[in-house]
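Below is one structure, written out as structure tokens, with a few remarks after it.
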Amino acid sequence: MTNILCIGAGYVGGSTMPVIASHCPEHRVVVVDINEERIAAWQSDQLPIYEPGLDEIVRQTRGKNLFFSTDVNGNIAEADIIFVSVNTPTKTFGRGAGRAADLQYWEKTARQILENSTTSKIVVEKSTLPVRTAEAMERILNSNGNGLHFDVLSNPEFLAEGTAIRDMQNPNRVLVGGRETESGQRAIQALVEIYAQWVPRDRIITTNLWSSELSKLVANAFLAQRISSINAISALCEKTEADISEVAHAIGLDDRIGRYFLRASIGFGGSCFKKDILNLVYLCEHYGLPEVARYWEQVVKMNEYQEARFVSNMVAAMFNTIAGKRIALFGAAFKANTNDTRESPALEVCRGLLEERADVVITDPHAMENARVYLGELANRVTFESDPYSAANHAHAIAILTEWSQYTQLDYERIYSSMVKPAFIFDGRNLLDHKKLYEIGFNVHPIGKPPLTRLVTPEFKHA
Ligand code: UDX
Ligand code: UDX
């Protein structure tokens with residue numbers, strides 16, 4: 001039996017460890033966190049994160065070979081392999097503020113591992129970290145003078161929220177980076193054996209430590225770059241009557257480009273993309289590569305532009321004033337099927353509308369609580385309404401900000417009849433049937449497509 005420990009019971013630790021536990025019944029998996037409330041939630045029927053398939057897998061494994069605990073020190077002592085998935089946010093102070101990763105939790109955790117260890121261990125970086133972090137970790141961990149040896153591995157997480165369990169069950173690839181020393185190679189094999197319980201061997205790739213650390217940043221930078229690229233073109237489509245969905249389809253059929261991740265939107269959000277690109281930008285600057293830094297930085301700038309552009313388009317379409325107008329935001333989560341609102345473009349749009357003094361109503365099937373917390377003081381200026389019909393009642397406009405499938409099933413005739421006319425829909429995810437909405441009577445403003453606008457609303461025409 002191997003004692004597997006994960007430090008950090010967030011989205012990453014909390015969704016990966018139950019899958020490991022379910023495929024490795026002979027191993028004991030413990031997830032610890034300093035946050036008592038979070039651990040209590042993991043031990044309850046109301047898990048702290050919403051992720052399709054997670055409840056079931058936790059129910060099957062919890063109490064058998066999966067345990068949640070706040071006893072970080074005690075569990076470190078017993079562990080053979082320690083995954084570290086504590087948060088590594090963007091630094092808000094000092095050198096590299098706004099760009100570099102804040103590694104204080106990571107370093108603190110490394111020291112805590114050292115202080116509580118009486119046997120040698122494998123320490124796995126699961127959190128996204130700047131390249132060469134493992135070197136610092138190795139130095140801290142192996143500065144013990146008590147004969148213990150720590151192998152540091154990099155095993156970046158590629159799963160996406162909303163499909164985390166599916167991604168973990170059936171990954172495109174698992175990446176394990178380690179040292180080329182004998183002990184480093186042994187450590188790599190130990191981790192490979194765990195994944196090999198359910199992942200085909202040819203999808204488990206091993207590299208040196210630095211390639212592995214860098215690959216995580218680069219994977220996210222490339223994915224985000226595709227979104228910024230298609231969003232940049234969506235702005236051009238809106239000027240030229242080209243249709244972004246048709247353009248995306250036409251280019252995506254080229255195998256070299258591929259059809260995934262070409263959905264124009266209000267912008268990308270989530271805890272990783274922005275943070276990881278800024279981290280990459282900082283690394284490039286640190287290594288004296290300002291041109292490379294500027295190139296990647298533009299991906300984040302384009303994203304901010306897209307969010308701001310969406311708000312500007314709303315204001316312009318609604319006669320250049322939205323002050324005091326009720327606007328219903330459908331969706332607060334940064335994408336569908338998650339309750340996560342970190343860096344959510346929906347909430348950036350919300351901020352923009354509040355600046356214009358709109359009367360904002362937010363509805364979302366799972367992310368209302370997180371939205372409230374994330375908005376902080378601004379939440380006092382927003383109405384939260386769990387029922388989308390109530391949210392739209394007496395509204396001048398609806399903005400679709402998260403692509404929840406529920407929103408495609410609503411009765412838009414009923415919604416239209418309850419709204420102030422002329423009624424607007426701004427579809428920030430190109431989710432709905434625009435022609436149908438237009439026929440109902442809405443003024444429809446998609447992303448990257450010509451708007452379907454009416455000079456006269458149907459009621460008035462027939463009156
Ligand atoms: C986090 C990072 O955001 C991401 O960069 C990294 O790749 C993996 O870890 P996530 O799991 O989504 O992703 O973060 P979060 O939900 O904030 O969870 C981190 C957890 O670590 C929190 O529950 C926090 O309480 C815990 N933590 C933090 C510790 O247990 N100890 C610490 O010292 C610091
Ligand atoms: C991402 C990476 O996909 C994952 O591999 C990594 O481990 C963590 O970061 P995540 O942030 O959970 O995952 O979600 P993802 O599906 O990548 O979406 C990120 C953002 O991009 C969302 O706001 C989403 O709505 C947006 N997006 C995605 C688009 O706007 N258009 C697209 O075509 C795809």
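As the structure is a prediction and not an experimental result, all values here were calculated from the model. Counting starts at 1 for both ligands and their atoms, following the listed order.
Annotation: Ile7 places no N or O atom under 3.5 Å from an N or O atom of ligand 1; distance criterion only. Of the N or O atoms in Val12, one or more lie within a sub-3.5 Å distance of an N or O in ligand 1. Below 3.5 Å of separation, one finds no N or O of Cys272 facing any N or O of ligand 2.
With distances taken over non-hydrogen atoms, the option nearest atom 21 (O) of ligand 2 out of Ile227, Thr402, Asn231 is Ile227. Comparing Phe158, Phe334, Phe268 against atom 4 (C) of ligand 2, the shortest heavy-atom distance belongs to Phe158. Nearest to atom 20 (C) of ligand 1 by heavy atom, out of Asp33, Val31, Thr16, Leu129, is Asp33.
Between Arg351 and Glu348 there is a salt bridge, with a side-chain nitrogen of the basic residue lying less than 4.0 Å from a carboxylate oxygen of the acidic one. Salt-bridge check for Arg166 with Glu51: failed, with every basic side-chain N at 4.0 Å or more from each acidic carboxylate O. Note on Glu304 versus Arg309: no salt bridge recorded, every NZ/NE/NH1/NH2 to OD/OE distance being 4.0 Å or above. Here Glu125 does not pair with Lys216 in a salt bridge; the nearest charged N to carboxylate O distance is not below 4.0 Å. Salt-bridge check for Glu115 with Arg111: failed, with every basic side-chain N at 4.0 Å or more from each acidic carboxylate O. By the 4.0 Å N-to-carboxylate-O rule, Arg179 lies close enough to Glu138 to be salt-bridged with it.
Against a heavy-atom cut-off of under 4.0 Å, Arg342 is close to the following atoms of ligand 1: 10 (P), 12 (O), 14 (O), 15 (P), 16 (O), 17 (O). Taking every non-hydrogen atom of Arg429 and a distance limit under 4.0 Å, the qualifying atoms of ligand 2 come out as 24 (C), 25 (O), 30 (O). Close approach to Leu159 involves these atoms of ligand 2, each under 4.0 Å from a residue heavy atom: 4 (C), 6 (C), 7 (O), 8 (C). Shown in contact with Lys275 at under 4.0 Å from a heavy atom are these atoms of ligand 1, numbered in order with element: 4 (C), 5 (O). In summary, the atoms of ligand 2 found under 4.0 Å from a heavy atom of Ser265, numbered by their order in the structure, are 29 (C), 30 (O). Here is the list of ligand 1 atoms found below 4.0 Å of a heavy atom in Asn35: 25 (O). Of all atoms in ligand 1, numbered sequentially from 1 with element shown, those under 4.0 Å from a heavy atom of Lys108 are 32 (C), 33 (O). Close contacts of ligand 1 with Ser85, meaning ligand atoms under 4.0 Å from a residue heavy atom, involve 9 (O), 19 (C). Set against the non-hydrogen atoms of Tyr105, the atoms of ligand 1 under 4.0 Å away are 34 (C). Close approach to Leu262 involves these atoms of ligand 2, each under 4.0 Å from a residue heavy atom: 33 (O).
In this structure, Phe222 has its ring center closer than 6.0 angstrom to the ring center of Trp296.
The closest donor-acceptor contact from the side chain of Lys301 to the backbone of Glu297 lies at 3.5 Å or more, if one exists at all. Judged by distance alone, the side chain of Asn73 and the main-chain N or O of Asn116 form no donor-acceptor pair under 3.5 Å. Under the 3.5 Å distance criterion, the side-chain polar atoms of Lys126 are left unmatched by any main-chain donor or acceptor of Gly13.
For atom 12 (O) of ligand 2, the closest non-hydrogen atom on the protein side is Glu161 N, 2.7 Å. At the shortest separation from atom 28 (C) of ligand 1 among protein heavy atoms lies Asn87 OD1, 3.2 Å. Protein heavy atom nearest atom 2 (C) of ligand 2, with residue, atom name and distance: Asn220 OD1, 3.5 Å. For atom 33 (O) of ligand 2, the closest non-hydrogen atom of the protein is Arg263 N, 2.8 Å. The closest protein non-hydrogen atom to atom 3 (O) of ligand 2 is Leu223 CD1, 3.7 Å. Looking at atom 29 (C) of ligand 1, its nearest protein heavy atom turns out to be Ile34 CG1, 3.4 Å. Ranking protein heavy atoms by distance to atom 15 (P) of ligand 2, first place goes to Lys335 NZ, 3.5 Å. Looking only at protein heavy atoms, the nearest one to atom 7 (O) of ligand 1 is Thr128 N, 2.8 Å. Scanning the protein for heavy atoms near atom 18 (O) of ligand 1, the closest one is Gly10 CA, 3.2 Å. Scanning the protein heavy atoms around atom 1 (C) of ligand 2, the nearest turns out to be Phe273 CE2, 3.4 Å.
Atom CZ of Phe158 sits in a crowded spot, with more than 12 heavy atoms from other residues, nucleotides or ligands closer than 6.0 Å. Counting non-hydrogen atoms of other residues, nucleotides and ligands closer than 6.0 Å to CG of Asn146 gives a total above 12. Few gaps surround CZ on Arg294; more than 12 heavy atoms of other groups in view lie less than 6.0 Å from it. The local environment of CD in Gln104 is crowded, with over 12 non-hydrogen atoms from other residues, nucleotides or ligands closer than 6.0 Å.
Using a 4.5 Å cut-off on side-chain heavy atoms (C-beta onward), Phe330 and Leu431 make no contact.
Taking a 4.0 Å cut-off on heavy atoms, Lys216 registers as neighbouring ligand 2.
Residue Tyr374 comes nearest to Glu343 through the heavy atom pair OH-N, 2.9 Å, listed as atom of the first residue, atom of the second, then distance.
Neither the backbone nor the side chain of Glu157 comes within contact range of ligand 1; no heavy atom lies under 4.0 Å.
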